[in-house]
Amino acid sequence: MQTQRVKSSTQTFWLIDPAHSTLEFTVKNLFFLTVKGCLTDFEGTIVLDKSDLGRSSVQATIKGASVETRIKGREAHLRSRDFLETELYPAIHFQSSKVEPGKDRDTLRLTGSLNIRGKDREIVLDVNEVDFSRSPQGEEVIYYSATTELNRFDFGVRYGRGIIGRTLKVTINVQASRQP
């Protein structure tokens, strides 16, 4: 049973700006080549409570079909049943379950459920708080950078065993705008 969060006066609400955010990954191929890619179509929200991080949360939805690697044939293969199977599972979902302080004052540890291909797995993201500022248009914005590693086998992606690395290194850079 998921608990409903009640808005407190210290919570702020932020909308992730995909035009100024990136979601990138790397994976080893043939043990010495690194394949780089990104997912370009995503949205999400951040609820931030600086006085009580436990009341903070993050949710995001990513369209798997938006995978890009600069090689069209590879992109089509990544969308296929061998990998993301985007016709059956068009979206990748993340919902945080815990936000806590990281190792120093500018870091956070974000734990949550990542759903890829209908399989939920708990993951941990190491988050760096980059900046709070105002855009040229005067709106409040926040910037975060996060990293994690995913074992693709955890999500049923087993194609290319022995050829394609098991671990994906993920880097996320987020700009989000404060909402009323």
Side-chain angles (χ1 to χ4, degrees), residues 1-27 36-70 75 78 84 86 89-116 120-150 155 167-180:
M1 174 184 235
Q2 193 172 9
T3 58
Q4 185 86 355
R5 293 192 187 270
V6 178
K7 183 178 176 183
S8 78
S9 60
T10 58
Q11 284 181 320
T12 54
F13 296 83
W14 304 82
L15 185 63
I16 294 173
D17 179 356
H20 295 98
S21 301
T22 60
L23 196 161
E24 301 168 325
F25 64 88
T26 61
V27 64
K36 297 179 181 183
C38 62
L39 292 145
T40 59
D41 191 351
F42 53 89
E43 59 185 25
T45 57
I46 301 168
V47 176
L48 184 60
D49 191 329
K50 291 286 240 176
S51 65
D52 180 4
L53 285 177
R55 294 175 52 80
S56 299
S57 64
V58 176
Q59 76 77 31
T61 300
I62 305 145
K63 291 187 180 170
S66 72
V67 66
E68 292 184 6
T69 64
R70 297 177 22 175
E75 293 165 5
L78 289 172
L84 294 174
T86 59
Y89 304 102
I92 297 167
H93 299 283
F94 176 78
Q95 178 63 57
S96 68
S97 56
K98 181 168 44 171
V99 180
E100 57 192 338
K103 294 180 181 176
D104 62 51
R105 68 180 187 158
D106 293 331
T107 64
L108 302 169
R109 189 169 163 88
L110 180 63
T111 303
S113 178
L114 180 65
N115 182 294
I116 300 175
D120 287 301
R121 298 293 182 263
E122 183 176 88
I123 66 165
V124 176
L125 293 116
D126 294 313
V127 181
N128 288 305
E129 188 175 68
V130 178
D131 194 17
F132 278 85
S133 65
R134 290 201 176 272
S135 73
Q137 294 77 28
E139 67 182 345
E140 284 183 82
V141 292
I142 55 174
Y143 304 91
Y144 289 101
S145 178
T147 58
T148 193
E149 291 188 357
L150 304 176
F155 299 96
T167 303
L168 280 82
K169 294 182 179 185
V170 179
T171 302
I172 304 164
N173 293 294
V174 168
Q175 175 181 313
S177 302
R178 187 167 181 174
Q179 302 299 296

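The side-chain hydrogen bond (donor to acceptor under 3.5 Å, both in side chains) test applied to S135 returns Q137, not counting sequence neighbours. V127 is linked by a side-chain contact (heavy atoms from CB on, under 4.5 Å) to L108, L110, L125, Y144, A146, counting only residues two or more places apart in sequence or in another chain. Remark: E140 engages R178 in a salt bridge (charged side-chain N to carboxylate O under 4.0 Å, His left out) (not counting sequence neighbours). When the side-chain hydrogen bond (donor to acceptor under 3.5 Å, both in side chains) test is applied to E24, no partner is found at least two apart in sequence or on another chain.
Judged purely by distance below 3.5 Å, without hydrogens or angles, the side chains of D49 and T10 pair a donor atom with an acceptor atom.
A distance of 13.0 Å separates OH of Y143 from CD of E129, quoted to the nearest 0.5 Å. Atom CG of residue D126 and atom OG1 of residue T147 lie 5.0 Å apart, to the nearest 0.5 angstrom. Going from atom CG of L15 over to atom CD of E139 covers 9.5 Å, rounded to the nearest 0.5 Å. Remark: E122 CD to S97 OG distance equals 5.5 Å, nearest 0.5 Å. The line from CG of L53 to CG of L48 is 7.0 Å long, rounded to the nearest 0.5 Å.
Here the closest non-hydrogen pair linking S96 and S57 is OG-CA, 3.3 Å. Closest heavy-atom contact between E75 and T69: OE2-N, 2.8 Å.
You'll find the side chain of V47 reaches within 4.5 Å of the side chain of Q11, heavy atoms only. Between I92 and L114 there is a side-chain heavy-atom pair separated by less than 4.5 Å. Residues R134 and V141 are not in side-chain contact: their nearest non-hydrogen atoms beyond the backbone lie 4.5 Å or more apart.
Using a distance-only test at 3.5 Å, with no hydrogens or angles considered, no donor-acceptor pair links the side chain of N128 to the main chain of V130. T26 contributes no side-chain N or O that, together with a main-chain N or O of K36, makes up a donor-acceptor pair within less than 3.5 Å.
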Quick one: side chains of residues 58-68, donor-acceptor pairs under 3.5 Å with protein atoms, not counting sequence neighbours, listed by atom name and distance.
from, atom 1, to, atom 2, distance (Å)
Q59, NE2, T45, OG1, 3.3
T61, OG1, H93, ND1, 3.3
S66, OG, T40, N, 3.1
S66, OG, D41, N, 3.0
S66, OG, K63, O, 2.7

Identify all side-chain donor-acceptor contacts of residues 167-177 below 3.5 Å with residues at least two apart in sequence or on another chain.
from, atom 1, to, atom 2, distance (Å)
N173, OD1, S145, OG, 3.1
N173, ND2, T22, OG1, 3.3

message: Please determine whether side-chain contact (heavy atoms from CB on, under 4.5 Å) holds for the pair I16 and F42, giving the CA-CA distance in whole Å, both sets of side-chain angles, and the decisive distance to 0.1 Å.
response: CA-CA 9 Å; I16 294 173; F42 53 89; 4.2 Å; yes
task: Using the side-chain contact (heavy atoms from CB on, under 4.5 Å) rule, take E149 and F25 through it: C-alpha gap first, then chi angles, then the decisive distance, then the call.
output: CA-CA 9 Å; E149 291 188 357; F25 64 88; over 6 Å; no
Intermediate values then yes/no, side-chain contact (heavy atoms from CB on, under 4.5 Å), I123 and L150: CA-CA 8 Å; I123 66 165; L150 304 176; 3.7 Å; yes
